[in-house]
Amino acid sequence: LDIYSEYDPEDLNGVFSDVSEEIKKLPQKHSELWDIFKAIPNKRDLEAYSQLLRHEDLRQQFYEKLTAFASCLKIALSSLNFHKDNDEQRINQYKEDLTLFLKLRRAVQERYSDSIDYKKYEVQIQKLIDTHIESSEVKILTELVDIFDKEKFAEEVERIIGKAAKADTIASRTAKHISENMDTDPAFYKKFSVLLKETIAAYEQGRIDETEYLKQVTQQMESVISHTDSDIPAQIADNNTARAYFGLSLETLKSITNYKLRITDAAQIALDIALVTDNIIRQYVLDDGKPIVDWHTKTNLIGKMKNEIEDYLIDEVKRKYEIPLTFDDMDNIIDRSVEVAKLWFK
């Protein structure tokens, strides 16, 4: 460096570290990883570990501690001094524990549908496994199977041992799908998100057993996949956009404070709003059945469309039924409906 390049010696501060100093950290990193599971009596019970890692913050801590331990062990196993200073039994223990925790990581990532990106570490960890650990069981997690790929997902669930683990996998993958698609039908997905959370809580609190837990989350997944809800009127059962507008309208009507509207009346009014909103939006954004190019960027078009929906809400809902809809209420229905339309009519 002195001969061939110009550099500031201070630029190298912290770039290099003494291998021996890194190796000294290995027992501590190993201990910190095990400390996460210190309350578990059977140290080889992967199911108990998986149950303990139900909570995301603890899983995140586990992932980070495991990565730190694996990286440190990789350095140690590459050092001749490490092999001289540690007996074979101790070294094998480190290797066995790494294998155990990599299996656990794969299991919980699948079970709780974690999509954390550890690609920058995987090459190093795979090399560590290939070079120093004799095992054909440890596999790096591949992309999670979507619940809509029914055959592959069924195969994935079938490989999982235990009803609770199967249920957790179904629940987490369903929750992932709900989160990713929430904006396309907010009321529908919000409803099933709440149902799913209530079912998980019921299992965690011991109010239902693992058999019932598996049954309920399976039914909820099937409803989400088929996008069906018994509360949706038959007239719009096959109209995804109208279904979304219906849900948003009904949600707003139910939220009006100090005003009691019978559920049946609210549902009928919400249906009328959904059908009219859907008709207006389609007239503005579709041309011969196909979305107008970049319609969502045309402010004049969107403004006229919103004004027409607002006129309907004022004349045919607020005044006709004497419902105390505020302009904020109407904007909530209109703006959110237009945002839904942007996702469906691309």
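Using modelled atom types, one side-chain atom of Trp295 and one backbone atom of Phe345 make a donor-acceptor pair closer than 3.5 Å. Within the 3.5 Å criterion, the main-chain N or O of Ala175 finds no donor-acceptor partner in the side chain of Ser179. In this structure a side-chain-to-backbone donor-acceptor pair under 3.5 Å is missing from Asp149 to Val145. Here the side chain of Arg111 pairs no donor or acceptor atom with the backbone of Lys166 at under 3.5 angstrom. Panel note: side chain Ser31, backbone Pro27; no donor-acceptor pair is recorded below 3.5 Å. Side-chain atoms of Ser223 come within 3.5 Å of backbone N or O of Gln219 as a donor-acceptor pair. Using a distance-only test at 3.5 Å, with no hydrogens or angles considered, a donor-acceptor pair links the side chain of Asn239 to the main chain of Ala242. Looking at Asp294, its side chain never comes within 3.5 Å of a backbone N or O of Thr297 through a donor-acceptor pair. Of the possible polar contacts, none joining the Asp278 side chain to the Ala274 backbone as a donor-acceptor pair under 3.5 Å is found.
The side-chain hydrogen bond (donor to acceptor under 3.5 Å, both in side chains) check on Tyr203 picks up Gln51, with sequence neighbours excluded. Applying the side-chain hydrogen bond (donor to acceptor under 3.5 Å, both in side chains) criterion to Asp265, with sequence neighbours excluded, gives Arg262. In this view, Lys163 and Thr211 satisfy the side-chain hydrogen bond (donor to acceptor under 3.5 Å, both in side chains) rule, not counting sequence neighbours. Looking at residues two or more places apart in sequence or on another chain, you find a ring-ring contact (aromatic ring centres under 6.0 Å, His included) between Phe37 and Tyr49, Phe62, Phe101. The side-chain contact (heavy atoms from CB on, under 4.5 Å) test applied to Ile323 returns Leu253, Ile256, Tyr259, Leu261, Ile269, Val317, Tyr321, Leu325, not counting sequence neighbours. Residues meeting the side-chain contact (heavy atoms from CB on, under 4.5 Å) test with Lys150, sequence neighbours left out: Ile225. Applying the side-chain hydrogen bond (donor to acceptor under 3.5 Å, both in side chains) test to Thr252 and every residue at least two apart in sequence or in another chain returns Asn332.
A donor and an acceptor atom, one from each side chain of Thr174 and Gln220, are nowhere located under 3.5 Å apart. For the 3.5 Å distance criterion, the side chains of Gln60 and Glu56 fail to qualify, holding no donor opposite an acceptor. Side-chain contact check for Asp272 and Gln268: at least one donor-acceptor pair (N or O, by modelled atom type) lies under 3.5 Å. A donor-acceptor contact closer than 3.5 angstrom is absent between the side chains of Asn279 and Thr277. Asp97 and Gln93 are linked by a side-chain donor-acceptor pair at a separation below 3.5 angstrom, with hydrogens and angles left out of the test. Side-chain contact of Ser113 with Arg173: a donor-acceptor pair under 3.5 Å is present, judged by distance alone.
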Between Phe82 and Leu26, is a side-chain contact (heavy atoms from CB on, under 4.5 Å) present by the stated rule, with each step listed?
CA-CA 10 Å; Phe82 175 72; Leu26 184 61; 3.7 Å; yes
Verdict with reasoning, Leu46 to Leu100, per side-chain contact (heavy atoms from CB on, under 4.5 Å):
CA-CA 8 Å; Leu46 283 178; Leu100 170 70; 3.6 Å; yes
If you apply the rule salt bridge (Lys or Arg N to Asp or Glu O under 4.0 Å), what do you find for Lys152 with Glu156, and how did you get there?
CA-CA 6 Å; Lys152 286 187 178 180; Glu156 179 182 329; over 6 Å; no
Between Asp168 and Tyr213, does the side chain to side chain donor-acceptor pair (under 3.5 Å) criterion hold? Intermediate values first, please.
CA-CA 9 Å; Asp168 282 334; Tyr213 177 36; 2.6 Å; yes
Pair Glu32, Lys29 - check salt bridge (Lys or Arg N to Asp or Glu O under 4.0 Å), show working.
CA-CA 5 Å; Glu32 288 176 352; Lys29 293 183 184 298; 5.7 Å; no
Does the pair Glu180 and Lys176 meet the rule for a salt bridge (Lys or Arg N to Asp or Glu O under 4.0 Å), with working shown?
CA-CA 6 Å; Glu180 291 172 347; Lys176 185 174 186 290; 2.7 Å; yes
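Summarising the hydrophobic clusters (Ile, Leu, Val, Met, Phe, Trp, Tyr; side-chain heavy atoms under 4.5 Å, direct or chained), the residues clustered with Leu343 are none. Through ILVMFWY side-chain contacts below 4.5 Å, Leu80 is grouped with nothing and stands alone.
In this structure the side chain of Glu308 never reaches within 4.5 angstrom of the side chain of Lys304, judged on heavy atoms. The shortest side-chain heavy-atom distance between Leu286 and Ile292 does not fall under the 4.5 Å cut-off. With contacts defined as side-chain heavy-atom distances shorter than 4.5 Å, the pair Phe153/Thr169 qualifies. Between Phe69 and Tyr94 there is a side-chain heavy-atom pair separated by less than 4.5 Å. The closest side-chain heavy-atom distance from Met305 to Val338 is below 4.5 Å. You'll find the side chain of Ile236 stays beyond 4.5 Å of the side chain of Thr241, heavy atoms only. Between Leu313 and Glu310, every side-chain heavy-atom pair lies at or beyond the 4.5 Å cut-off. By the 4.5 Å heavy-atom criterion applied to side chains, Val285 and Leu301 are counted as neighbours.
Contacts classified as salt bridge (Lys or Arg N to Asp or Glu O under 4.0 Å) and involving residues 328-346 (residues at least two apart or in different chains) are given here: Glu251-Arg336, Lys306-Asp335, Glu339-Lys342. For residues 207-223, the set of pairs meeting the salt bridge (Lys or Arg N to Asp or Glu O under 4.0 Å) definition, not counting sequence neighbours, is empty.
Here CD1 of Ile273 is found 10.5 Å from CD1 of Ile309. Values are rounded to the nearest 0.5 Å. Separation of atoms NZ (Lys24) and CG (Asp85) is listed at 10.5 Å; rounding is to 0.5 Å. For the atom pair CG (Leu33) and SG (Cys72), the distance works out to 12.0 Å, reported to the nearest 0.5 Å. For the atom pair CD (Glu22) and OG (Ser79), the distance works out to 11.5 Å, reported to the nearest 0.5 Å.
Pairing each heavy atom of Ala76 with each of Ile23, the nearest pair is CA-CG1, 3.8 Å. Considering every non-hydrogen atom in both Tyr245 and Ala341, the closest pair reads OH-CB, 3.5 Å. Val293 and Lys298 make their closest contact through O-CE, 3.5 Å (heavy atoms, listed as atom of the first residue, atom of the second, distance).
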Please table the atom pairs, donor to acceptor, closer than 3.5 Å between any side-chain atom in residues 181-198 and protein atoms at least two apart or in another chain.
residue: Asn181; atom: ND2; partner: His177; partner atom: O; Å: 2.8
residue: Asn181; atom: ND2; partner: His177; partner atom: ND1; Å: 3.1
residue: Thr184; atom: OG1; partner: Asn181; partner atom: O; Å: 2.7
residue: Asp185; atom: OD2; partner: His227; partner atom: NE2; Å: 2.9
residue: Lys191; atom: NZ; partner: Asp229; partner atom: OD1; Å: 2.8
residue: Lys191; atom: NZ; partner: Asp229; partner atom: OD2; Å: 3.1
residue: Lys191; atom: NZ; partner: Asp231; partner atom: OD2; Å: 2.7

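Among Arg106, Arg54, Arg59, the single residue meeting the salt bridge (Lys or Arg N to Asp or Glu O under 4.0 Å) criterion with Asp114 is Arg59.
Residues Tyr63 and Leu73 fall within the same hydrophobic cluster, defined by Ile, Leu, Val, Met, Phe, Trp and Tyr side chains chained together at heavy-atom separations under 4.5 Å.
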